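I am attaching a structure below and will ask some questions about it afterwards.
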Amino acid sequence: MQIPWRRAYRAARSSPLTLVVATTTALLLSFVVTAAILHASAAGSAATTYQASQLCPHSLGPTLEGTHLTAAQADQVVRLANTTDTHGFTAPVAAVYSRVQRLDFNGVTPWARLGYRDGALDHLTVLAGGGRDGLWVPRSIAEDAGIHLGDRGLGGQLPPVTAIYQDISNPTPDWWCSEAPRILPNVLAGEGATAAVIWAPDAATFAALPTSAIGVDTTVTLHYPPATAPATLQQAQDLLSRGGALLDEVSARLDAAGLRGVVSPALYFTRPTEVAAQVRDSVATAITPLAALSALVGLAGLATVALQWCQRRHTELRLLWSRGAGPLALAGRALLELAVPQVVGAALGLLAARALLGVYAPAPLPNAGALALAAAGALAVALLALLVTGVVVALRSHRVLQDGPRGARTSFLRRLPRLIPWELLTAALAVPAWISLTDLPFSVSADRPSLRVEPAALAFPLLLVLTVALLTARLLRLALRASHRAALWSRPAAHLALRRLAAAAGPVAGVVLVATLAIGTLAAGTGLASAQRTALDSKSGMLVGARSSVQVDATWAGQPGQQLPESLRASSTLVGVSKTSSGTVLVVDPATLTRGAYLDGPVDAATVTGLLDQLTPTGGAPIPAVAIGAAATGELRLAALPTVRTIATLPAFPRLGTARGYLLARAGLPDLTQVDTWHVWSTTDLTTLTGALDAAGIQHITAQSAASALDGLPFFTIQWSFGFVTALGAVLALASAVALVLTVEVRRRQAALSGALASRMGLRPAALVRSHLLELGAVGAAAVLAGCLVGVGGVTLAAGYLDPAPWLSPRPTPPNLFTLVAGTALVAGLVVVLAGGIAVRSVRTAQIGELIRD
Amino acid sequence: MTDTRTTAPVLATHQAHVTYRTPGGVVAALTDVSLDVPATGITVLAGPSGSGKSTLLRLLGLIERPTRGSVHLQGQPVSDLPHRRLRRLRRTRVAMVFQRPTDNLIDHLSVGDNLRAAAQSAGRACVEQDLLERLGLAGTAAWAVTALSGGQQQRLAFGCALARGPAVILADEPTSQLDTDSADLVLATLRELAGSDTPVVVASHDDRLIALGQTVIRLHQGRRATPQPATPEPDTPGAEPPGPDTPSADTPEPTRTDEDPTR
């Protein structure tokens, strides 16, 4: 290798700015590519975690369940399933239950179910006794049947009662969650349908119970819980694979023992994993176009770096060329100088994307495969950067040196990008995206497990932003081209600013394009992600009626003047629900409704409070009512309830949404037993609510929590997609800020020369500062104005249509983006001041030699 | 046996025509220029700014092709050769010295490395100490080129050209960017070269440099200048004054090549 190539590193050291720019450009490009890969994978991880949180922990692993087994069969199944090779799962947790039956204790025959579960006694709260050599009876049965410690059922055939335990209630603790259908009695169901469990201390004791007690109709469940819940899609798929192998092995063993078909193997996490994979694919599809666009911007940046390098090294390139070096050799010279910073930049981009994953992505943990893919992406970026640099330098050398000055006529191919009306193309693409958004933004099909967000619909806000950004850049260029007609010499600062802008129309338009794109995507991404978050919260609250809700015993709740337990009074309210042909009637307590109901959604809390004051009847029938949704108004009769007269109409209400219904005051109903069901609505979490009710001995069922009322994944899919849009907006904003500063720095000498000249012609320093601030401020203002307008506009247009649960009020609404807009304007102002400061400093510190150099 | 280097022209153009496209239309930089560059001594392309000197020099240096007409290097037509063959000829046969001293050197290499790099580009080895002594730059091999004065840099540029062992050295206004003292150093170098085997073609409007030319080719508005009618001196009947394509009156005597180049 000849000396100029061999010593290229010395040249690299002589221009650190080139190194910084090359490294930064490669870093940003690599970040965009690798972050897109990691973000999609993290979306899969977040979806997996969400899905895992929706299942009982024990149900995540393989499960065997069977009903109507004999006690002997159940015993045999448990023994055969207790394998030593658990394929990475923890030891199986086996449970055997008898059917629900009457058990005679001292002549009283309460409904009960006898059962055994590995480790059960360790997960019960003992109220009395605690010996592990007898039966454990729930308090509800013990109190109903008057069972005491030491009592023996079935005339002494059963072991003695050695403990009374606290009934397990909903929401069940994680350890009991998978057994909820068998251990939680439905207090409102008919007798004998369900019952609490009397636990035998161990398998042997259970097996030794008399046949009359455990009979020939037992239920067996076996769970192989994973050591930890899967946190990534890959872990989930691995779990399923191992679980399948384990179930195959156990099934074969059971088949060999003649127990084929007595238990059903299941992997309940199969479907959720498929959904999580679909979410990952949806997010990946949604973010790919913007990531590709950003990558193109990055590649254009790399090409610009290469062109700038050609300009900077023109003298050396011409010298080497005059000595016989060809374009490819000169490209090699460029690579020897720029390859290291570009490769380092690509690696740093990968590291930054991984390190910041928890900041911009919905989960901090990607698949191991995704990490490898991201590394491959970074490698591809590095190779692409080298290729682009080499090709650009070779072509530039060929054009400038080999073709010579007579090749300067711009070829059609070179002029082509400027001739294409890109904004019209993106606008044309936005039309089908808009149609997709307004007509069918979501789809469901037989081969997909859940709602799928159409990528075309998600692309609309981005295409809108891109169109406006391109249009802004185009208009700016045209305006600058025509700017020579403007004579602003009466305002020298403005005129100088305008001429400087016109002299650098290309770079200025480029900076405005990227900055508008950045601000627009930031606003659109933030706004749409926030709209989805709020919509999920609001819809969940509206669906449940409150943060948490349980149905309570009507005989208790229907008593006049009934009060909630003391611990719940500040946060909860009693609501009766009756279905009538005219709509659903909510019987509320006006004094406490606002304490428990969800009033953060579309219902204005102040309006509701005002109406509640008027709900309490002052005389007899008709009693005042508030109509909800499209319910009939006026005086009307609602089934068995008294005649009502509507005093107002609300468009929507918790629990009802926009469905037809009425709101009545509890005090207006003479007979509260006429109400179908009673519920406690609370702003506390479900565990606190049920705990308080249990402590007060109030029976309840149908526990609902807003946190799990709706399938959140369709909302999250949109939120996560636009979360990445926000991240890319931030990267583009950074790139545009750096580009602005670099544009100023690259034009340092011209600025210094013209500034020095203007100063010697009498331009005051203050006017010089103003001119630079006006110049850069115009660039910043154009980008902020166009970006914010299109971002906010895009959110306003799209937010309402991106509704994964349109059947439930409220529709997603655009959030208040004032803070974002104000923050963006502030940051843009700071960047302008910084760049202006650099420009002014370059004028003031310019050396004479620098100015007179030709 | 006849030495072809002294008899046949090292470079020649025949009806060379060069046009450029400009925003104002097509401009003819050279029109039908034919010339022969002798294989020895200094040939000066003289003329005012814009007369086409540099364009002609680029044609001769195989940096540019004529729009029509032809260029011959050592008798071989080269204007239609493919890029690859032109590059090979530039690598081994032609050495170019640009107008600005810094354009001829690689600023991040030392003086010695610049000489070695130049020699390497033509596939030659280089004893840089000898060359530097010959150029009056002894002891500067390890210096950064930026430590040299403009005149020293331009002399080093000629040293680089010599190190490449070309068939011809072409220099584009080598003194125009230098002050008088520095220009003197370059002129001294050129005087030395005038007596060497390597022919030199110089484009210049510097009278002192023109005076060095054994052959002076004058250009005016892209054409060979028409010879002016001569007035014979009374004591030298039939003699012509120096004109286009005539050996200069103050062509250095061969003995002048022995002058100290550092003078």
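Here is the naming used below: chain letters follow the sequence lines, and residue numbers restart at 1 for every chain. Please read all numbers here as calculations on a predicted model, not as lab measurements.
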Problem set entry | Nearest-0.5 Å distance that lies between atom CZ in R93(B) and atom CG in L11(B) |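 Going from the CZ atom of R93(B) to the CG atom of L11(B) covers 10.5 Å.
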
Exercise. Between D172(B) and R58(B), is the closest basic N to carboxylate O distance under 4.0 Å?
Worked result: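 Here R58(B) does not pair with D172(B) in a salt bridge, since their nearest N and O are not under 4.0 Å apart.
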
For this session: Go through E316(A), R7(A), Q2(A) and name the one with the most non-hydrogen pairs under 4.5 angstrom from chain B.
Result: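 The option with the most such pairs is Q2(A).
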
Exercise. Given a strict heavy-atom distance threshold of 4.5 Å, which part of R164(B) is in contact with chain A: side chain, backbone, both, or neither?
Worked result: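 Contact with chain A involves the side chain of R164(B) alone.
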
Exercise. Hey, does E173(B) have a side-chain heavy atom less than 4.5 Å from the side chain of D206(B)?
Worked result: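 No, side chains not in contact.
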
Problem set entry | T67(B) side chain vs T19(B) backbone, donor-acceptor pair below 3.5 Å |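 Indeed, once roles are kept as given, a pair shorter than 3.5 Å links the two residues.
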
For this session: Check whether T102(B) gets within reach of chain A through its side chain, its backbone, both or neither, counting any heavy atom under 4.5 Å.
Result: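 Contact with chain A involves the backbone of T102(B) alone.
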
Problem set entry | Between T92(B), L109(B), D113(B), the one whose heavy-atom pairs under 4.5 Å with chain A are most numerous |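 Most heavy-atom pairs under 4.5 Å with chain A: D113(B).
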
Exercise. Does a side-chain N-to-carboxylate-O contact under 4.0 Å join R68(B) and D32(B)?
Worked result: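 Answer for the salt bridge query: yes.
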
For this session: Please flag which part of R6(A) lies under 4.5 Å from any non-hydrogen atom of chain B: side chain, backbone, both or neither.
Result: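 Contact with chain B: side chain only.
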
Problem set entry | Proximal component of A95(B), with respect to chain A [non-hydrogen, under 4.5 Å] |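 Nothing of A95(B), per the 4.5 Å heavy-atom cut-off to chain A.
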
Problem set entry | N104(B) and Q153(B) side chains, donor-acceptor separation under 3.5 Å |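 No, N104(B) and Q153(B) have no side-chain donor paired with an acceptor closer than 3.5 Å.
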
Exercise. When only pairs under 4.5 Å are counted, which of P166(B), G61(B), S121(B) shares the most heavy-atom pairs with chain A?
Worked result: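 Highest number of heavy-atom pairs under 4.5 Å: S121(B).
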
Problem set entry | Part of W321(A) lying under 4.5 Å from any heavy atom of chain B |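 For W321(A), the contact with chain B is made by backbone and side chain together.
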
For this session: Please step through side-chain contact (heavy atoms from CB on, under 4.5 Å) for the pair H484(A) and R499(A), ending with a clear verdict.
Result: CA-CA 8 Å; H484(A) 63 279; R499(A) 295 323 312 148; 4.2 Å; yes

Exercise. Non-hydrogen atoms of chain A under 4.5 Å away: do they reach the side chain of L105(B), the backbone, both or neither?
Worked result: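 Only the backbone of L105(B) comes within 4.5 Å of chain A.
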
